[in-house]
Amino acid sequence: SLSVQDEGNAVEALAMDLALKAGAMIKDKSGHALQVDTKESRFDLVTEVDKACEDFLRNQVQEKFPDHFYLGEETATEKELERLRSGLKDSEWTWIVDPIDGTLNFVAGMPLSVVSIGVALGQNMEIGVVYNPFNDELFYARRGQGAYLNGIPINVLPHDTELEDSTVSVGFPSKPEWRLRMLEAIGKVAPSARSVRALGTAALHMSYVGAGRIGCFFEHNLKPWDVAAARLIVEEAGGRVTDMNGNFLQLTAGSILASNGGVLHDRIVQLVSD
Ligand code: 2AM
Ligand code: CA
Ligand code: CA
Ligand code: CA
């Protein structure tokens, strides 16, 4: 059997290869007539392409690594989510996958959707890959080895960057009550920020934090697959990821704040924490 290091290398190679292949499927179908269904509400959409990408990713992972645990947005069962909540075993590999982050952009034909593939070893994210097929940007991180964009190392903004010199990014969850909570939080932060962006994909926002394009990202009520890959990208790029009260973020996610670390992180927590 493989050493943990060798298995990590094989997982890394597969995660990158699959992100590129799923990304190509997404780009191919963009702008075409799609079958669109609703999920939990009229605001919560899924397309045939979300499902096809997830089936492809799940089958590939299960074929190459039959003993790994796979959790993906479009196939996750209550039992699988419970396994994540109750805590993963130390030596267990877990794939946490969002086949399309930014489905509403995809449905509308806006080129802002990514494939997000995170792989945990035990309770820690070990590998994170976020791929935007529309401009061919591949964000990637491995625990302890830094974060990269298309092979070039990336870093968050300097730690002394203040809110006044930072663009802040946010997301609007599908549940109306959580949107109102977001508007409250944005109301406290926006007056002092350089500007505010909401691009409709949490994984891309967080990757941009890692690349130093924006200072921070926060959103309520996110799911594990929205943030699994990109949190490692932010951390390995020198940033910080917590919940919106500044506390440790579990793999189960929820409310999240990703930033360059330093004074900006503390300032946002001070403004939005409950
Ligand atoms: P998704 O595209 O994979 O569903 C942005 O607010 C984040 O929340 C996205 O990462 C998006 O992931 C998720 N989300 C789910 N439903 C949403 C909705 N109706 N409106 C906005 N975002 C939604
Ligand atoms: Ca979705
Ligand atoms: Ca998502
Ligand atoms: Ca999705």
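Worth knowing before you read on, the calculation uses all heavy atoms, side chains too, and leaves out hydrogens, waters and symmetry mates. Every number for a ligand or one of its atoms is a count from 1 in the order of the listing.
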- Taking just the N, O or S atoms of D226, which one is nearest to the Ca ion (ligand 3)? OD1
Taking 4.0 angstrom as the limit, do [X] and [Y] come out as a salt bridge?
X	Y	value
D101	K223	no
R142	E12	yes
K64	D17	no
K79	E82	no
E40	K175	yes

- So, for atom 10 (O) of ligand 1, does the protein have a heavy atom nearer than 4.0 Å? yes
- Does the side chain of N150 come under 3.5 Å of the side chain of Y140 through a donor N or O and an acceptor N or O? no
- Message: Against ligand 1, does I100 come closer than 4.0 Å with any heavy atom?
- Response: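 Under 4.0 Å: yes for I100.
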- Query: Any non-hydrogen atom of H205 lying under 4.0 Å from ligand 1?
  - Reply: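 Judged by the 4.0 Å heavy-atom criterion, H205 does not count as contacting ligand 1.
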To the nearest 0.1 Å, how far is [atom] from its closest protein heavy atom, and which atom is that?
atom	answer
atom 4 (O) of ligand 1	E73 OE2, 4.0 Å
atom 21 (C) of ligand 1	F172 O, 3.0 Å
atom 19 (N) of ligand 1	F43 O, 2.6 Å

- Query: Which atoms of ligand 1 sit under 4.0 Å from any heavy atom of D226?
  - Reply: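 Ligand 1 atoms under the 4.0 Å threshold to D226: 10 (O), 12 (O).
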- Sub-3.5 Å N/O-N/O distance, D98 and ligand 1: yes
- Judging by distance only, is a nitrogen or oxygen of L104 under 3.5 angstrom from one on ligand 1? no
- Task: Calculate, to the nearest 0.5 Å, the distance between atoms CG and CD belonging to N221 and E177 respectively.
- Result: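 If we round to the nearest 0.5 Å, N221:CG and E177:CD are 8.0 Å apart.
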- Query: Heavy-atom contacts under 4.0 Å between T103 and ligand 1: side chain, backbone, both, or neither?
  - Reply: both
- Task: Using a 4.0 Å heavy-atom threshold (strictly under), name the region of R179 that reaches ligand 1: side chain, backbone, both or neither.
- Result: side chain
- Please work out which of the three classes, parallel, tilted or perpendicular, describes the rings of H220 and W178, given edges at 30° and 60°. tilted
- Query: Within 45 degrees of the axis of the six-membered ring of Y70 and under 6.0 Å from its centre: does R58 put its NZ or CZ there?
  - Reply: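 Output no; distance or angle outside limits.
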- Query: Within 45 degrees of the axis of the six-membered ring of F43 and under 6.0 Å from its centre: does R179 put its NZ or CZ there?
  - Reply: yes
- Task: Find out whether D67 and W93 are in side-chain contact, i.e. whether some heavy atom of one side chain is under 4.5 Å from a heavy atom of the other.
- Result: no
- Query: the Ca ion (ligand 2): which protein N, O or S atoms are under 3.0 Å away?
  - Reply: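 Correct list: E73 OE2.
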- Of A198, S41, S174, the residue with the heavy atom nearest atom 18 (C) of ligand 1 is S174
